[in-house]
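The structure appears below as structure tokens.
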Amino acid sequence: MKNLSNIENLPVSSQVFESILRGIQNLHLPPGTRMSETDVGAQLGVSRQPVRDAFGRLSLAGYLDIKPQRATRIAKISDQRLRDAVFLRASLECASLAEREPLSQNQIKELSEIVEKMRHSVSNQETEYFDLLDNEFHQTLTNIKSRPAIWTIIRDAHGHVGRLQSLSRQNLRDADWQQHQDILDAVISGRLDRTIPLLKTHLEQVLGTIDRVKEENPAYF
């Protein structure tokens, strides 16, 4: 789990949630890991109450198994949670893109710079940095960060997809950044009828890896 000083300015319970979720998403906290409010609070330097609040949110989102009189553990990956998360994100991002104002030249420049950084991160196999850039690209493209309630819903659900990606993507490939360039090119051309299908296909492609990843990593499901 990351130190809270490295996390964006959020309420303490939300910072704890983000720290734990990142550990779950990148599999530093794999399914079955035992979680203790006292231990997490000590690691992050916070009291038990924000940890308890974060645990409750993580449980509702399907990341923690909390049962009375039993140890709290990281939940296994759920097929249904995965499919729901992909459906949710694709639906909300495509809807947001469809109704947003056309991108300004400054926004296009910003997106181009993000894609270029993604290209370099692929060359250097910087997976965690690539994932940060990926989120930044999607937030900027759809203007969804200006609607924090919607972005919170997406972010809370996306950890399920993140775990699948961590298992399925052993190495970054040129296709990982090129798809973002293709989406950007469609935006620049003004072809919303082409951009939205590209975005939807891009977001849903991870579903095609579920069966293979389950077969290779049965203990995670």
Side-chain angles (χ1 to χ4, degrees), residues 1-8 10-90 125-132 134-135 152-172 176 203-221:
M1 289 177 287
K2 293 196 174 189
N3 186 285
L4 296 189
S5 64
N6 295 327
I7 298 177
E8 58 190 295
L10 294 169
V12 175
S13 63
S14 293
Q15 292 184 53
V16 175
F17 173 89
E18 291 288 339
S19 180
I20 297 172
L21 182 57
R22 290 179 189 180
I24 293 171
Q25 183 170 320
N26 59 29
L27 299 178
H28 292 163
L29 294 171
T33 300
R34 184 168 178 164
M35 302 291 288
S36 157
E37 292 177 6
T38 302
D39 291 346
V40 171
Q43 288 179 46
L44 299 180
V46 299
S47 66
R48 289 185 63 180
Q49 187 57 53
V51 178
R52 185 175 295 117
D53 292 343
F55 274 26
R57 185 174 164 191
L58 287 160
S59 177
L60 285 172
Y63 298 108
L64 281 186
D65 285 332
I66 301 178
K67 298 177 181 177
Q69 309 303 318
R70 301 178 72 176
T72 295
R73 297 185 183 276
I74 303 296
K76 292 190 174 186
I77 302 171
S78 159
D79 272 26
Q80 191 59 54
R81 291 273 189 180
L82 273 171
R83 296 180 191 282
D84 288 350
V86 171
F87 174 81
L88 179 70
R89 182 167 189 174
Q125 291 298 305
E126 298 169 323
T127 304
E128 290 194 19
Y129 183 47
F130 180 91
D131 289 340
L132 291 173
D134 181 58
N135 275 338
T152 297
I153 292 170
I154 290 174
R155 183 173 54 188
D156 285 8
H158 187 67
H160 297 289
V161 179
R163 291 204 284 181
L164 182 67
Q165 290 174 325
S166 294
L167 288 169
S168 65
R169 189 180 61 200
Q170 297 178 352
N171 294 296
L172 292 168
D176 292 321
L203 291 170
E204 291 179 345
Q205 66 183 347
V206 69
L207 294 176
T209 68
I210 292 177
D211 290 342
R212 173 180 61 81
V213 174
K214 282 180 66 175
E215 185 176 346
E216 294 174 352
N217 305 275
Y220 284 81
F221 290 82

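Nothing here was measured: the structure is a model prediction, and the numbers come from that model.
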What residues, two or more places apart in sequence or in another chain, satisfy side-chain contact (heavy atoms from CB on, under 4.5 Å) together with S36?
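With neighbours one apart ignored, the set is T38, D39.
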D84: what forms a salt bridge (Lys or Arg N to Asp or Glu O under 4.0 Å) with it, not counting sequence neighbours?
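If we apply the salt bridge (Lys or Arg N to Asp or Glu O under 4.0 Å) test to D84, skipping adjacent residues, there are no hits.
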In the structure I gave you, are the side-chain heavy atoms of [X] and [Y] within less than 4.5 Å of one another anywhere?
X	Y	result
V161	Q165	yes
F221	L82	yes
V46	Q15	no

With distance as the sole test, does S168 use its side chain to make a donor-acceptor pair with the main-chain N or O of L164 at under 3.5 Å?
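The answer is yes, because a donor-acceptor pair under 3.5 Å joins these two groups.
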With a 3.5 Å distance limit and no angle check, can you tell me whether S166 reaches the backbone of G162 through a side-chain donor-acceptor pair?
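Looks like yes, one N/O pair under 3.5 Å.
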Is the shortest side-chain N to carboxylate O distance from E128 to R22 below 4.0 Å?
no
Can you sort out the partners of R83 under side-chain hydrogen bond (donor to acceptor under 3.5 Å, both in side chains), two or more places apart, ordered by chain and number?
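By the side-chain hydrogen bond (donor to acceptor under 3.5 Å, both in side chains) rule, R83 matches no residue at all.
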Name all residues meeting the side-chain hydrogen bond (donor to acceptor under 3.5 Å, both in side chains) criterion together with E37; count only those two or more places apart in sequence or in a different chain, and write none if there are none.
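Applying side-chain hydrogen bond (donor to acceptor under 3.5 Å, both in side chains) to E37 gives R48, R52.
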Please report, to 0.1 Å, the donor-acceptor pairs under 3.5 Å made by any side chain of residues 65-78, with sequence neighbours excluded.
from	atom 1	to	atom 2	distance (Å)
R73	NH1	G32	O	3.0
S78	OG	Q80	N	3.3
S78	OG	R81	N	3.1

Scan the side chains in residues 53-64 for donor-acceptor partners under 3.5 Å anywhere in the protein, sequence neighbours excluded, and list what turns up.
from	atom 1	to	atom 2	distance (Å)
D53	OD1	Q49	NE2	2.9
R57	NE	D156	OD2	3.3
R57	NH2	D156	OD1	2.8
R57	NH2	D156	OD2	3.4
Y63	OH	D156	O	2.5
Y63	OH	A157	O	3.3
Y63	OH	G159	N	3.0
Y63	OH	H160	N	3.2

